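One structure is given here, and the rest of the page talks about it.
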Amino acid sequence: MSDLLSLLYPWTKAFHIMSVISWMAGLFYLPRIFVYHVEKSQTGDQLDQTFQVMEFKLLKVIMGPASIATWVFGLLLVFTPGIVDWAAVWPYTKAVSVILMTGFHHWLMVQRKRFETGENQMTGRQFRLMNEVPTFLMAVIVISVVVKF
């Protein structure tokens, strides 16, 4: 199995990068949609319904599959011999950051449900601030993997 993982390494890495890009696009865009949803619509109006469709499709059609693919290809990379130096710090900072990123994704899913049920209590400003979470985590992940401290 390890020979197969080594053979497929360039492909696994390529698909992991594509998955991460797709997932990150959604993680950056969904909080921004929430900002407009809060600031431009009223519960139950036509714009509210439009935002809900956009949010649902972004989560279910793009972000969900991309996050799963990111995890699958990432774990395949972890199990590829010679790729991860477990004596270094970077695999652990990356792992913690990816877990936090996944937690943020799930937090976004909860926020979408709150819009759906008319229970959103957050402001546009709060969603703008939350939009910085994936940026910070992405920086930690990229620096961890590239610098390998």
Side-chain angles (χ1 to χ4, degrees), residues 1 5 8-80 83-84 86 88-149:
M1 179 67 166
L5 289 175
L8 293 176
Y9 172 72
W11 289 98
T12 304
K13 187 175 179 179
F15 284 114
H16 180 64
I17 292 168
M18 289 185 280
S19 301
V20 169
I21 291 168
S22 299
W23 189 25
M24 290 303 302
L27 289 169
F28 289 140
Y29 188 45
L30 189 56
R32 179 54 54 181
I33 294 175
F34 289 162
V35 168
Y36 297 129
H37 194 158
V38 168
E39 294 179 352
K40 304 295 182 188
S41 71
Q42 300 295 319
T43 302
D45 70 8
Q46 183 61 43
L47 199 49
D48 175 54
Q49 297 303 313
T50 301
F51 281 127
Q52 286 189 44
V53 169
M54 291 170 62
E55 294 156 0
F56 178 82
K57 289 189 176 185
L58 180 58
L59 266 166
K60 297 298 180 183
V61 177
I62 297 171
M63 293 172 65
S67 67
I68 292 167
T70 297
W71 270 94
V72 168
F73 292 117
L75 288 172
L76 288 172
L77 290 171
V78 165
F79 293 119
T80 302
I83 299 304
V84 179
W86 294 105
V89 174
W90 75 267
Y92 304 100
T93 58
K94 179 184 179 181
V96 168
S97 297
V98 171
I99 290 166
L100 290 172
M101 191 81 78
T102 302
F104 182 72
H105 180 130
H106 287 270
W107 180 82
L108 291 172
M109 291 172 20
V110 169
Q111 298 313 306
R112 189 201 67 79
K113 280 285 192 188
R114 288 186 176 153
F115 277 110
E116 184 178 69
T117 60
E119 298 172 0
N120 174 58
Q121 297 296 315
M122 292 190 61
T123 65
R125 177 173 162 66
Q126 289 170 317
F127 281 122
R128 280 185 185 89
L129 289 171
M130 291 307 292
N131 203 29
E132 301 308 317
V133 170
T135 304
F136 172 76
L137 293 172
M138 178 198 58
V140 172
I141 291 167
V142 170
I143 291 168
S144 296
V145 173
V146 173
V147 177
K148 297 191 186 226
F149 52 89

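Computed from heavy atoms alone, side chains included, the values below leave out hydrogens, waters and symmetry copies. On a predicted model such as this, the values are computed, not experimentally measured, just so you know.
To the nearest 0.5 Å, the span separating OG1 on Thr117 from CD on Glu119 amounts to 3.5 Å. Note that NE2 of His16 and CG of Leu75 are 9.0 Å apart. Values are rounded to the nearest 0.5 Å. Interatomic distance, Leu77 CG to Leu8 CG, rounded to the nearest 0.5 Å: 10.5 Å. Atom CZ of Phe79 sits about 9.0 Å away from atom CG of Leu5, to the nearest 0.5 Å. For the atom pair NZ of Lys148 and CD1 of Ile143, the computed distance is 14.5 Å after rounding to the nearest 0.5 Å. Put simply, CZ on Phe136 and CG on Asn131 are 15.0 Å apart, with the number rounded to the nearest 0.5 Å.
A 4.5 Å side-chain heavy-atom check between Trp107 and Met130 finds at least one atom pair inside the cut-off. Using a 4.5 Å cut-off on side-chain heavy atoms (C-beta onward), Thr135 and Phe28 make contact. In this structure the side chain of Arg114 never reaches within 4.5 angstrom of the side chain of Gln121, judged on heavy atoms. Residues Val38 and Met122 have side chains not in contact (no heavy-atom distance under 4.5 Å, counting atoms from C-beta outward). The closest side-chain heavy-atom distance from Lys13 to Ile17 is below 4.5 Å.
A side-chain N or O of Gln52 and one of Asp48 form a donor-acceptor pair less than 3.5 Å apart. In the model, Trp71 has a side-chain atom that pairs as donor or acceptor with a side-chain atom of Thr102 under 3.5 Å.
Contact check on Glu39 versus Arg128 returns a salt bridge, with a Lys/Arg side-chain nitrogen under 4.0 Å from an Asp/Glu carboxylate oxygen.
In this structure, Tyr36 places its OH atom where only 12 or fewer heavy-atom neighbours from other residues, nucleotides or ligands lie under 6.0 Å away. Within a 6.0 Å sphere centred on CZ of Arg125, other residues, nucleotides and ligands contribute 12 heavy atoms or fewer. Applying the 6.0 Å contact sphere to OH of Tyr92 captures more than 12 heavy atoms from other residues, nucleotides or ligands. More than 12 heavy-atom neighbours from other residues, nucleotides or ligands sit within 6.0 angstrom of CZ on Phe104.
Looking at every heavy atom in both residues, Ser144 comes nearest to Trp90 through O-CB, 3.1 Å. Closest of all the heavy-atom pairs between Thr70 and Val20 is OG1-N, 3.4 Å. Taking both residues in full, the closest heavy atoms of Met101 and Met138 are given as CE-N, 3.8 Å, listed atom of the first, atom of the second, then distance. When all heavy atoms are compared, the tightest approach of Gly64 to Ser67 is O-OG, 2.8 Å. Here the closest non-hydrogen pair linking Leu59 and Pro65 is O-CD, 4.4 Å. Between Pro31 and Leu108, the closest heavy-atom pair is CG-CD2, 3.9 Å.
By the ring pair (Phe, Tyr, Trp, His ring centres under 6.0 Å) test, Phe115 is found to be paired with Phe34, His37, Phe127, residues two or more places apart in sequence or in another chain being considered.
Remark: side-chain polar atoms of Thr80 are not paired, donor with acceptor, to backbone N or O of Ile83 under 3.5 angstrom. Of the possible donor and acceptor atoms, one in the side chain of Gln126 sits under 3.5 Å from a partner among the backbone N and O of Thr123.
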Checklist entry - Should Trp86 and Val78 be marked as a side chain to side chain contact (heavy atoms under 4.5 Å, CB included) after you check the CA-CA gap, both sets of side-chain angles, and the distance that decides it? => result CA-CA 10 Å; Trp86 294 105; Val78 165; 3.6 Å; yes
Checklist entry - What's the verdict on side chain to side chain contact (heavy atoms under 4.5 Å, CB included) for His105 and Trp23, showing C-alpha distance, side-chain angles and the deciding distance? => result CA-CA 9 Å; His105 180 130; Trp23 189 25; 2.8 Å; yes
